[in-house]
Amino acid sequence: MFFIFFELLSNMPELPEVEVVRSFLESRVIGKKILKVSTVNEKLRYKVPSNLNLSLKNLIITKILRRGKYLILFFRDSKLCLLIHLGMTGYFRLSDELVEKKHDHVIFFLTKKILIFNDIRKFGFIKIYCNNEIFLSSHLRNMGVEPLSKDFNLNYFNSFRKRAVDLKGLLMNQSFIAGLGNIYCSEILYDARLSPLRKINSLNNLEIRNIVKSTKKILKKAISFGGTTIKNFIVSEEKIGYFKNKLKVYSRDKKNCLRCLKGILIKKIRQNGRSTFFCEKCQK
DNA sequence: AGGGCTACCTGTACGC
DNA sequence: TGCGTACAGGTAGCCC
């Protein structure tokens with residue numbers, strides 16, 4: 001007997017992964033009613049609201065948005081909405097029957113489906129907001145530009161020219177650009193052939209255009225890869241949405257640079273307490 | 001106010 | 001085999 005369920009990511013969700021989860025959930029749970037919410041463990045990054053079941057019971061999911069790495073769920077005829085962050089290991093599992101697993105924290109009983117929030121490291125969270133206040137919340141208020149929108153361009157980047165941080169530090173800053181994490185920052189800078197150590201005020205317009213271009217290119221590619229894995233997914237416990245196998249530089253320290261090839265090795269350094277991977281020869 | 005650093009958490013990989 | 005330790009990274013909150 002197979003259990004058919006969809007397990008959405010369990011590692012390092014950045015913008016593309018969250019977008020894949022968003023579009024998957026959109027295709028599967030829009031129009032469904034929440035019959036009951038059961039909190040198995042309230043100790044996530046923030047305590048799961050104790051009124052979650054009371055507040056959401058009988059509400060119908062109408063819309064799911066993504067902003068940066070956050071998901072926002074809206075409901076029919078309700079002023080409430082849900083703000084969800086997957087942290088580093090959070091994922092959703094959609095299944096036909098209840099099969100609990102270790103680190104399942106919140107269970108949404110929907111019409112004919114069960115949606116489970118699982119998070120090994122508990123860096124994720126679920127919060128309730130009024131939908132006219134959600135974008136003013138501390139989480140979203142200072143959030144930077146969406147990288148795939150037209151607002152992320154040369155002019156926008158130039159307004160941050162005077163920042164003292166290095167290039168990778170700026171890309172990691174959610175109030176500059178929303179949704180990039182440690183993995184995609186390395187990938188984007190490798191694609192743009194720019195060193196993560198570059199100072200912002202040393203960048204010329206061409207280089208900034210390249211960053212913008214590479215950012216959009218890499219993110220779009222990752223999203224479409226995640227989408228593809230969903231389409232091909234039938235019955236399996238395999239995690240989906242992984243872009244991991246497609247990474248060109250992240251986690252490849254001491255391996256040959258895929259552009260420079262023989263003898264030129266990817267270097268791993270620490271920036272702001274995080275690892276960065278790059279090629280000293282082709283990223284200037 | 002920008003920027004640097006750390007705690008939070010658990011699983012995994014590694015050295016001895 | 002087993003134990004201890006380092007590492008992985010998103011975010012908020014702290015301090016300077």
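Naming convention: chains lettered A, B, ... in sequence-line order (proteins, then strands); numbering from 1 in each chain.
Of the listed residues (A:Leu15, A:Ile72, A:Val21), just one forms a side-chain contact (heavy atoms from CB on, under 4.5 Å) with A:Arg66, and that residue is A:Leu15.
Residue A:Lys43 is classed as having no contact, given no heavy-atom separation below 4.0 Å to the nucleic acid. When heavy atoms are screened at a 4.0 angstrom cut-off, A:Tyr46 is found touching the sugar-phosphate backbone but no base atom. Among the protein residues, A:Gly181 comes within range of the sugar-phosphate backbone only, with heavy atoms under 4.0 Å from sugar or phosphate atoms but none that close to a base. Within the 4.0 angstrom heavy-atom criterion, no nucleotide atom of any strand lies near A:Phe176. In this structure, A:Arg45 reaches the bases: a heavy-atom distance under 4.0 Å links it to at least one base atom across the strands shown. Within 4.0 Å (heavy atoms only), A:Ser138 reaches no atom of the nucleic acid at all.
Listed pair A:Lys122 / B:dC8 fails the phosphate criterion, with no side-chain N or O lying under 4.0 Å from OP1 or OP2. Between A:Lys102 and B:dG11 there is a side-chain polar atom (N or O) within less than 4.0 angstrom of OP1 or OP2.
Regarding A:Tyr91, its OH atom lies at a distance of 14 Å from the C1' atom of B:dT10, rounded to whole Å. For the pair A:Phe123 CZ and B:dG11 P, the computed distance is 12 Å after rounding to whole Å. Rounded to whole Å, the distance from CG on A:Asn201 to P on B:dG3 is 11 Å. Between A:Lys101 atom NZ and B:dG11 atom C1' there is a gap of 15 Å when expressed in whole angstrom units. We find that CD of A:Gln174 is positioned 16 Å from P of B:dG2, with the value rounded to whole Å. A:Asn173 places its CG atom 9 Å from the C1' atom of B:dG3, with the value rounded to the nearest Å. Nucleotide B:dG4 holds its C1' atom 14 Å from the NZ atom of A:Lys168, rounded to whole Å. Residue A:Lys162 contributes atom NZ, which lies 18 Å from atom C1' of B:dG3 at whole-angstrom precision.
Using a cutoff of 4.0 Å between basic side-chain nitrogens and carboxylate oxygens, A:Asp253 and A:Lys267 are not scored as salt-bridged. The pair A:Arg93-A:Asp104 meets the salt-bridge criterion, since a charged nitrogen lies less than 4.0 angstrom from a carboxylate oxygen. For A:Lys69 and A:Glu14, the salt-bridge test fails: no basic side-chain N is under 4.0 Å from an acidic carboxylate O. Salt bridge A:Asp96/A:Lys113: present, at least one basic N to carboxylate O contact under 4.0 Å.
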Checking A:Phe278 against A:Tyr190 for the ring-ring contact (aromatic ring centres under 6.0 Å, His included) test, could you report, in this order, the C-alpha distance in whole Å, the side-chain angles of both residues, the deciding distance, and whether it holds? CA-CA 6 Å; A:Phe278 73 114; A:Tyr190 181 76; 10.0 Å; no

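For the pair A:Lys220 and A:Leu148, the minimum side-chain heavy-atom distance is below 4.5 Å. A:Ile114 places a side-chain heavy atom less than 4.5 Å from the side chain of A:Ile107.
With the end axes of the helix from B:dG2-C:dC16 to B:dC16-C:dG2 each set by five pairs, the angle from one to the other reads 50° at 10° resolution.
Relative to the ring axis of A:Phe160, A:Lys162 does not place its NZ or CZ within 45° and under 6.0 Å from the centre.
Counting only N and O atoms by type, the side chains of A:Lys122 and A:His103 include no donor and acceptor under 3.5 Å apart.
Scanning DNA chain C 5' to 3' for nucleotides with an atom closer than 4.0 angstrom to a non-hydrogen atom of chain A gives a first and last hit of C:dA8 to C:dA12.
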